[in-house]
Amino acid sequence: MKRIIFSTESGADLPKDLVEKYQIQVVPMHVIMDGKDYLDGELSVEEVFDYHSRTKKIPSTTATNVHEYHELFTKIRIDFPDSIIIHIGYTSKASASFQSALIAAEGFEDLFFIDALNVTGGLAAIVMYAATLLEEEPSISHVHLIEKIESVVPKTRLAFLPGSLDFLRAGGRVSNVAYIGGLLLKIKPCIELIEGKLVSTRKYRGSMNIVAEKLMRDFLNQYDIDRKQLYLIYSIGLDESIKSRMNEIANETGFEKVTWMQAGAMISTHAGPGGFGIAGMEC
């Protein structure tokens, strides 16, 4: 029986311990600062925020390219001969990465693709669903496994609050008028993944400790999230008291397991410092 190997992008923000435990193959996306290309994962989030503090400029991001995917799939073939590769990719609606992966697949056998239609914690939730399912059912066929993974894609939810409108504006997610109004009124937009696209769905007013709790309660009221697992995402700068309060709410609402994930450099260029997000799968 051929071994099944999962791959994904650094934009999943998977914690290193889970990557190592399940031998998930992660290909980096890119962060661009002053024309210099850095690999997500090798560039620290602190460097991204320090760059903004010094220059008042926001780094840009680019997709993983065809050559990098070809190298990834080739390396998997070398490290895991006679394996089946299932690539669970960053949403094709917000990045060219997925298309690049498809192009790079030419000439490879037993290589399958799933468009997660999600990013960061939402993408991670799908990858971890796949990894734990395979762990629980090691004899499952890759065909059945792919069917099960594809079935949870439309049920995976992600919402986040950016820590800084500066970073969100630089990414084109808010207009200058909305940006100025948001600063004056202390409004924080909630960004969700809707059919693979990043969409501002609601607005909250107040400090992050207030709006983070509002977001979490609204999210859990809106979606019937499976209580077995919840993913909480933060970018550097989120107050520890907010994390503690989110843990309390997760416990109060019956979640068996909560996994905290730190947004990497690529995602942090959109979320800014002190951002908060929540992801899970509907029952």
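For clarity, every value in this text was computed on a predicted model and none was experimentally measured.
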Testing the 3.5 Å rule here: is there a donor-acceptor pair between the side chains of [X] and [Y]?
| X | Y | result |
| --- | --- | --- |
| D218 | Y204 | yes |
| T132 | E135 | no |
| D115 | S92 | yes |
| Q222 | R217 | no |
| N65 | E68 | yes |
| T120 | D13 | yes |

Describe, in one word, how the ring planes of Y69 and H87 are oriented to each other, choosing from parallel (under 30°), tilted (30 to 60°) and perpendicular (over 60°). perpendicular
Checking the side chain of R205 only, and the main-chain atoms of K203 only, is there a donor and an acceptor separated by less than 3.5 Å? no
Under the 3.5 angstrom rule, does the side chain of D40 hit a backbone N or O of A265 as a donor-acceptor pair? yes
Hey, is [X] close enough to [Y] for a salt bridge, meaning N to O under 4.0 Å?
| X | Y | value |
| --- | --- | --- |
| R54 | E47 | no |
| D82 | R77 | no |
| E195 | K93 | no |
| E192 | R157 | no |
| D17 | K21 | no |

In the single-linkage hydrophobic clustering (I, L, V, M, F, W, Y; side-chain heavy atoms under 4.5 Å), do I5 and I88 co-cluster? no
Cluster question for you: counting only ILVMFWY and a side-chain heavy-atom cut-off of under 4.5 Å, with indirect links fine, are M266 and L123 together? yes
Which donor-acceptor pairs under 3.5 Å do the side chains of residues 229-236 make with protein atoms, sequence neighbours left out?
{"unit_1": "Q229", "atom_1": "NE2", "unit_2": "T259", "atom_2": "OG1", "d": "3.1"}
{"unit_1": "Y234", "atom_1": "OH", "unit_2": "Q262", "atom_2": "OE1", "d": "3.4"}
{"unit_1": "S235", "atom_1": "OG", "unit_2": "G272", "atom_2": "O", "d": "2.6"}
{"unit_1": "S235", "atom_1": "OG", "unit_2": "G274", "atom_2": "N", "d": "3.2"}
{"unit_1": "S235", "atom_1": "OG", "unit_2": "G275", "atom_2": "N", "d": "2.5"}

Assess the residue pair S83 and K2 against the criterion (side chain to side chain contact (heavy atoms under 4.5 Å, CB included)); give the C-alpha distance rounded to whole Å, side-chain angles, the decisive distance to 0.1 Å, and a yes or no. CA-CA 5 Å; S83 61; K2 292 185 177 182; 5.9 Å; no
Name all pairs fulfilling the ring-ring contact (aromatic ring centres under 6.0 Å, His included) condition that reach into residues 123-143, sequence neighbours left out, sorted by first residue then second. F112-H142
Heavy-atom count check: over 12 atoms from other residues, nucleotides or ligands less than 6.0 Å from E106 CD? no
Count the heavy atoms of every other residue, nucleotide or ligand shown that sit under 6.0 Å from NZ of K197, and state whether that count exceeds 12. no
Taking every heavy atom of P162 against every heavy atom of H270, the minimum-distance pair comes out as CB-O, 4.4 Å
With D239 via side chain to side chain contact (heavy atoms under 4.5 Å, CB included) - residues at least two apart: S241, I242
Residue pair S268 / F49, side-chain heavy-atom distance below 4.5 Å: yes
